[in-house]
Structure formats: structure tokens, C-alpha cells
Protein chains: 2
Amino acid sequence: MSQPLDSSKVTIVPTGTPSAPIPNEKLRFGKQFTDHMLQVEWTAENGWDAPVIKPYGPFSIDPSCCVLHYAFELFEGMKAYWTVDDQISLFRPERNMSRMNKSAARICLPEFDTEELIKLIGLLLQQDKHLIPKGEGYSLYIRPTMIGTTNAIGVGAPDRALLFVICSPVGPYYKTGFKSVKLEATDYATRAWPGGVGDKKLGANYAPCIQPQLRAASKGYHQNLWLFGPEKYVTEVGTMNCFFVFENKTQNVKELVTAPLDGTILEGVTRDSILTLARARLDPTEWQISERYCSIFEVRERAQRGELLEVFGSGTAATVSPIEEIGFEGGSIPVPLSEGEQSGPLTKDIARWIMEIQYGKSKFQDWSRIVAEA
Amino acid sequence: MSQPLDSSKVTIVPTGTPSAPIPNEKLRFGKQFTDHMLQVEWTAENGWDAPVIKPYGPFSIDPSCCVLHYAFELFEGMKAYWTVDDQISLFRPERNMSRMNKSAARICLPEFDTEELIKLIGLLLQQDKHLIPKGEGYSLYIRPTMIGTTNAIGVGAPDRALLFVICSPVGPYYKTGFKSVKLEATDYATRAWPGGVGDKKLGANYAPCIQPQLRAASKGYHQNLWLFGPEKYVTEVGTMNCFFVFENKTQNVKELVTAPLDGTILEGVTRDSILTLARARLDPTEWQISERYCSIFEVRERAQRGELLEVFGSGTAATVSPIEEIGFEGGSIPVPLSEGEQSGPLTKDIARWIMEIQYGKSKFQDWSRIVAEA
């Protein structure tokens with residue numbers, strides 16, 4: 001009998017040495033963690049074991065464990081926010097949970113009841129709520145992770161797995177805060193391809209991207225803009241989705257463009273939120289919202305014609321990250337910014353729209369979910 | 001000052017409870033390990049720490065460790081053999097070591113002096129030599145592994161790493177022994193891509209292949225034959241390189257064909273050994289040895305014309321694995337086998353050539369390296 005994931009079976013083992021909150025100015029992204037973590041073991045034989053919330057600490061892993069050899073690993077990135085009503089909210093958590101299940105299925109790790117994991121994360125947040133930083137741009141980064149834990153080096157589907165959730169109090173992702181960054185349009189390395197796994201949040205997609213990132217950094221760029229194919233379509237930025245704003249002067253409309261979900265880009269929760277908000281809030285007589293292929297050649301050509309208005313990346317860690325320049329083929333494609341600002345006007349509006357929902361200042365559908373109380 | 005890997009600094013901590021050898025008939029591939037393992041820590045600050053050979057046992061890993069999130073992991077597969085002269089040999093170990101360095105460089109893990117690691121593996125084998133099984137087809141599978149061990153969930157180059165080597169006494173890789181297997185020619189999933197990392201032995205390349213393997217298994221196939229691109233070129237088999245033998249009746253020659261090293265296939269040590277031996281030992285007036293693209297359509301067409309003579313996979317784990325059938329587009333491409341045998345004649349010869357070198361029955365260049373004594 002295979003047991004489903006069941007939040008009601010949770011055991012909570014509180015730490016004997018609760019820590020004090022880290023002052024906001026001393027937060028370092030993803031290097032400091034809260035006092036507790038969630039762990040749930042799974043076996044092919046029995047299904048999901050009883051969840052445990054316990055003090056943050058190391059695992060014991062056998063050197064033959066399949067996660068260390070064959071990358072049976074996947075993760076999610078979410079954030080918890082203190083709302084203006086002093087409640088703790090998650091932003092569209094069901095989207096992360098269902099993506100996590102898709103990632104799991106793709107590498108033969110177990111799926112789970114998504115609402116049960118949201119409840120368990122709520123219990124974890126309740127336990128560590130005093131460590132969630134307050135203030136605009138501050139939040140608790142939540143890292144749900146699943147790894148295969150079979151101890152055998154034959155290549156096969158894991159018969160054991162561990163789901164765990166750790167939390168890191170964070171400020172703005174980029175040290176520079178809401179500050180525009182420069183991208184290198186990268187065509188010598190390929191992040192993802194049709195029939196691959198680039199649309200899943202697997203560990204496998206990340207390690208191979210670091211070398212090109214260092215190479216871009218050595219030339220003064222903050223991130224890669226990943227191109228795909230002979231057409232050199234723009235796909236993603238580093239660990240974010242990517243948006244372009246073009247002006248079509250003859251028709252007197254503007255176009256917000258992002259790459260389509262064809263299996264080569266991550267299905268970003270922030271990406272979907274931006275598209276949904278743009279369709280709901282931008283005047284359709286003035287704006288066209290497009291999920292379509294767009295080549296770096298189009299970007300360059302329209303920049304030269306003065307039709308490239310804004311570029312920004314989107315993701316949970318950075319929310320919205322304005323882009324000021326794209327390097328390509330030894331040249332530079334400059335992106336306009338508002339006078340005296342670090343972004344264009346739409347980038348700024350969208351960042352504000354999302355932040356207002358996340359921090360409970362405004363409501364949009366059921367995107368902000370209260371999962372723990374003060 | 002960054003320290004190089006130095007085998008002379010090794011500390012050996014022998015187990016207090018040495019185990020008895022497992023009888024050959026009870027060996028299970030990659031599930032049983034010898035008494036000792038090698039570990040070497042690296043930091044960006046100090047380089048390679050002193051190596052330690054110590055009892056096999058679990059690591060302590062922080063839940064934020066980058067190997068669990070971003071697949072900073074790579075490995076090699078090698079084997080140690082008891083030669084007919086009662087010495088312990090490795091087969092072309094410098095090839096595995098240099099490939100390991102290439103894998104490491106690609107994901108920003110540290111490189112090392114390859115001869116130093118070979119010496120350390122020799123010391124590890126010396127320690128556990130009574131656990132290396134004897135007999136044809138039996139050996140000690142050696143798994144050098146390197147993982148990133150930085151405890152932080154920001155995506156970046158690891159500043160800490162761990163190199164470790166574990167060993168598993170093994171018999172033939174496939175339970176069926178030297179027995180022909182069936183492949184599904186797979187075009188709905190893509191293992192590797194130009195500009196990707198499919199030619200490196202990274203964990204990232206393995207987890208995504210298991211779901212297609214299970215799908216093939218559900219249709220009665222043992223492994224996937226990975227196709228690439230609209231031309232549907234044959235690339236690799238499961239975790240092996242792949243060879244085809246064609247007959248060209250009009251020119252009265254035979255052709256041994258394998259995919260070229262274009263970045264989408266692993267640079268197999270066994271693959272290179274087969275090509276080298278074939279060029280050295282097959283009569284060039286009768287044989288053509290080709291590293292070239294070959295589509296599944298060509299394979300099917302030539303099978304229909306009676307020109308497909310043999311197919312086999314090659315890799316360290318299986319050495320040579322004869323193939324009897326390829327499923328493609330709902331049909332079946334049968335591969336001839338010698339009367340009453342599980343392979344064709346060249347497959348059998350090549351397997352014997354390599355085994356004879358590995359077990360010291362014959363010598364070829366410096367391919368067999370003695371690294372420990374009885």
C-alpha cells in the first residue's frame with residue numbers, strides 16, 4: 001500500500017536553540033538558513049513516510065547515493081512575505097507545486113499531493129516566522145527540493161527519495177538591488193533543446209550554465225541571454241525568463257514579447273503572472289502581448305530603429321530585473337532606461353504590481369495565499 | 001597558494017573489520033562496495049587537501065549543498081582486473097582521468113594531476129585487493145566521483161569540492177551476461193545537443209534518460225538507441241557508444257561505423273580502443289573503419305537489403321554488448337547473430353581482444369597498467 005503525502009502525520013521537533021533574526025542589511029542570498037527544515041522520506045515500497053519538521057542540519061548520504069552520481073534532483077524557488085496585515089503569504093504556491101511534480105515525473109522521482117506540501121510549508125513557516133524579514137524587497141526564500149536516495153551505482157529509477165524544504169531570509173537578489181544589468185547574448189553554448197529537460201526545474205539544467213556565466217562575467221556582463229538554434233532566438237536570461245518591449249510606430253502600438261513555452265524555457269511563475277497582469281491591466285488598443293519567437297537579430301535591428309523600449313528578466317529570486325545592455329557579436333545593443341532611473345516605465349509598473357500583490361497591498365485573483373499567522 | 005593533488009600526502013586509515021570476498025555468483029552490479037574509499041577535499045582558497053583512504057561510509061552533507069540543487073557532479077567508470085600474472089591492472093586509466101578533468105572544467109569543478117589520482121587509486125586497490133573478484137568477466141568497478149560542496153543556494157561556481165573513489169566488485173553488467181539485447185530507436189526525447197554537455201560524464205546527462213528507458217522497457221526493449229535531429233542520426237545506446245557493421249557487396253568490403261565525436265556523444269574509452277584495435281588488426285583491403293553520421297533510415301534500409309551484419313554497444317561497464325534487434329517507428333530491424341551464438345563474429349572478436357588485454361593475456365601498447373601487486 002503506497003501512502004500519499006499527508007500533512008496531518010507531521011511530527012514537529014523544535015530546536016532547543018532558537019536564533020535571533022538577522023538584520024536586513026546583513027542578509028546574504030541563500031547563505032543563511034532558518035532554524036528548521038521539513039523532511040519527508042519516500043520509498044517505492046511504502047510511498048510517503050510521515051513528514052518531520054526538525055532543526056536545520058546535515059544529512060548522512062552514502063557515497064553510492066544516486067543523487068551524487070546521476071543528478072536525481074530537482075527543486076523549486078518560492079518566497080514567503082509578511083503582508084501589510086501581518087500575515088504570512090505565499091505567491092501562487094500551487095504553480096510551484098505542480099511544476100515540482102512535473103519535474104519529479106520527468107526523472108522518475110515520486111509525485112505528491114500539492115496541497116499537502118503547501119500545508120507542510122505553512123507549518124514550517126509558522127515555526128520560523130520570527131526569522132522572516134520584514135520590509136519591501138525582503139522575504140523568506142523557500143527551497144523545496146527532492147533527491148533520489150537509492151544507494152547503488154547502476155543507472156535506474158530511484159526506489160528511495162527524500163523531499164526537503166529549507167528557508168533562507170533574503171533581500172534583493174542582485175547585490176545592486178533594483179538596478180539594471182548587462183547581458184551577453186550567448187550562442188556558443190546551448191542551455192536547452194527540444195526533447196530535452198530545459199523546461200523542468202532539475203539540478204541538471206544549472207551546473208552546465210556556470211562556465212558560460214563566468215565567461216560572460218569576464219567581459220563585464222552579469223548574465224547570459226541564451227540564444228537557440230540557427231535563428232538565434234532569445235530564450236531565457238541566466239536563471240530568469242526574459243521580456244522585451246517593442247514599439248510599432250506605424251501601427252502606434254507597443255508589444256510585450258516573451259519566448260513561448262515550447263519546452264526550451266522554464267515555465268516561470270513570475271513569467272505567467274506578468275503575462276496575466278499585462279493582459280488584464282494594459283490597454284489592448286495600445287498594447288499587444290505576445291508569446292512568440294524573437295531572434296537576437298530582430299532585437300538588434302529594432303534597437304537600431306529606436307523601436308526597442310525595454311528589456312527585463314523575471315523570476316522568483318529577482319522578481320523583475322531591468323536590463324540596460326545586451327552584448328552580441330562583439331557589439332552592444334543598448335536598452336533605454338527612464339531618465340535618471342534604473343528601468344523603463346513598464347518594467348517599473350510590473351515590478352510594483354507584483355510586489356503589491358505579494359505584500360498584500362492589492363489583491364489579484366487568489367494569487368496571494370495566507371499560509372501562516374503572526 | 002593552491003596545493004596540487006599529491007598522492008605522497010595520503011593518510012591510510014584501515015578498517016577494523018575487513019570483509020570477506022563475496023562469491024562471484026552473488027555479485028550484484030554497483031550495490032556492494034569494498035571496505036575502503038578515497039576522499040580528497042578541495043577549496044578554492046587552498047587547493048587540494050591531503051588525500052585520505054579510510055573505511056567506506058556515509059558523508060555528512062548540508063541540505064544547502066550545491067551538489068543537491070545544481071548537479072555539480074561528475075564521475076568516471078573504470079575497472080581493475082587480476083591479470084594472468086597475478087597483478088592488478090587498470091585499462092588505459094589516463095584516458096578516464098583526462099576525461100574527468102574535462103568534465104570538471106565544464107562545470108567549474110577543480111582539475112587535478114591525473115597521474116597522482118592513478119597512484120591514489122592504486123593505493124586504494126592495494127588496500128582492498130582481496131575483494132577484487134577473479135575470473136573472466138569479473139573485475140572491480142571503480143567509481144571516481146567529484147561533487148561541489150559549497151553550502152549556498154545562490155547559483156555560482158563552487159568554492160569547495162570533494163573528490164572520492166568507491167569500488168564495487170562486479171561480474172557481467174547485464175544480468176543476461178554476454179547476451180544480445182534489443183534497443184528502441186528513440187526520437188521523442190533527445191539525450192544531447194551541440195553546445196550542450198552530452199560529451200562530458202556529468203550526472204546531469206543521466207537522470208533525464210531514465211524515463212525514456214522505462215518507456216522502452218515497457219515495450220520489451222533493454223535500452224534506448226538515441227537518435228538526433230531531423231536526419232535521425234544514431235548517436236549512443238543507453239550508457240554506451242554504438243557500432244554498426246555493414247557489408248558493401250558491390251565493393252566487397254565491410255564497414256565498421258560509429259558516430260563521430262561532435263560533442264553529442266560520450267568520448268568512450270572502449271569506443272576509442274575498438275577503433276584503434278580495428279584499424280590495427282582488421283585487413284584494410286577488406287575493412288573500412290568509419291567515424292561518421294549514420295541515420296536510422298540507413299540502418300533500416302541496409303538491413304532490408306541484407307547489408308546490416310552486426311550491431312553492438314561499447315562501454316566500460318558492459319565492455320561489448322551485442323544487439324539483436326532495433327525497434328523503430330513501430331517496426332523491427334532485426335540484426336543477424338552467428339548461428340547458435342549471442343553475437344556476430346566481429347563483436348565476439350573485439351570483445352575477446354579487449355578482454356585479453358585487460359586480463360594481461362595479450363599486450364597492446366601500454367593499455368594495461370599495473371597499479372597494484374598481489
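Heavy-atom basis, side chains included; hydrogens, waters and symmetry copies ignored. First the proteins, then the strands, lettered A, B, ... as listed; each starts at 1. Quick caveat: nothing in here was measured; it's all calculated off a predicted structure.
- When side chains are defined from C-beta on, B/L68 does not count as touching A/F75, because their heavy atoms never get closer than 4.5 Å.
- Enclosure of atom NZ in A/K219 by more than 12 non-hydrogen atoms of other residues, nucleotides or ligands within 6.0 angstrom is indicated.
- A 4.5 Å side-chain heavy-atom check between B/Y141 and A/I153 finds at least one atom pair inside the cut-off.
- Per-residue heavy-atom pair counts under 4.5 Å with chain B were compared for A/P158, A/G156, A/C66, A/A157, and the maximum is reached by A/G156.
- No donor-acceptor pair closer than 3.5 Å links the side chain of B/R106 to the backbone N or O of A/Q211.
- Among B/M146, B/M37, B/R143, the residue with the largest count of heavy-atom pairs under 4.5 Å with chain A is B/R143.
- At distances below 3.5 Å, at least one donor-acceptor pair connects side-chain atoms of A/T190 with backbone N or O atoms of B/P194.
- Looking at A/V67, the atoms closer than 4.5 Å to chain B (heavy atoms on both sides) sit in the backbone and in the side chain alike.
- Counting heavy-atom pairs closer than 4.5 Å to chain B, the top residue among A/A105, A/G196, A/P63 is A/P63.
- In this structure, chain B has no heavy atom under 4.5 Å from any part of A/A192.
- Proximity to chain A (any heavy atom under 4.5 Å) is shown, for B/I61, by both the backbone and the side chain.
- Looking at B/I166, the atoms closer than 4.5 Å to chain A (heavy atoms on both sides) all sit in the side chain, from C-beta outward.
- Note that the OH atom of A/Y70 and the CG atom of B/N205 stand 12.0 Å from one another [nearest 0.5 Å].
- For chain B, the option among A/A207, A/A204, A/P212, A/G30 with the highest count of heavy-atom pairs below 4.5 Å is A/A207.
- Note: A/I210 leads A/D187, A/I210, A/L74 in heavy-atom pairs under 4.5 Å with chain B.
- The part of B/R191 that comes within reach of chain A is its backbone (N, CA, C, O), which places non-hydrogen atoms under 4.5 angstrom from that chain.
- Each of B/C65, B/S60, B/S64 was evaluated against A/P58; a single residue qualifies, B/S60, per the side-chain contact (heavy atoms from CB on, under 4.5 Å) test.
- Chain B forms more heavy-atom pairs under 4.5 Å with one residue of A/A189, A/S168, A/G203 than with any other, namely A/G203.
- Listed options B/Y206, B/Y56, B/W193 were ranked by heavy-atom pairs under 4.5 angstrom with chain A; first place goes to B/W193.
- In this structure, B/L202 CG and A/H69 NE2 are separated by 14.0 Å, a value rounded to the nearest 0.5 Å.
- Using a 4.5 Å cut-off between heavy atoms, B/F164 contacts chain A through its side chain alone, with no backbone atom that close.
- Within the model, atoms CG of B/N151 and CZ of A/F33 stand 7.5 Å from one another, a figure rounded to the nearest 0.5 Å.
- Between B/C108 and A/L214 there is a side-chain heavy-atom pair separated by less than 4.5 Å.
- For A/K31 against B/A152, the heavy-atom pair with the smallest separation is CG-CB, 3.9 Å.
- Top candidate by heavy-atom pairs under 4.5 Å with chain B, chosen from A/L109, A/T145, A/T150, A/L162, is A/T145.
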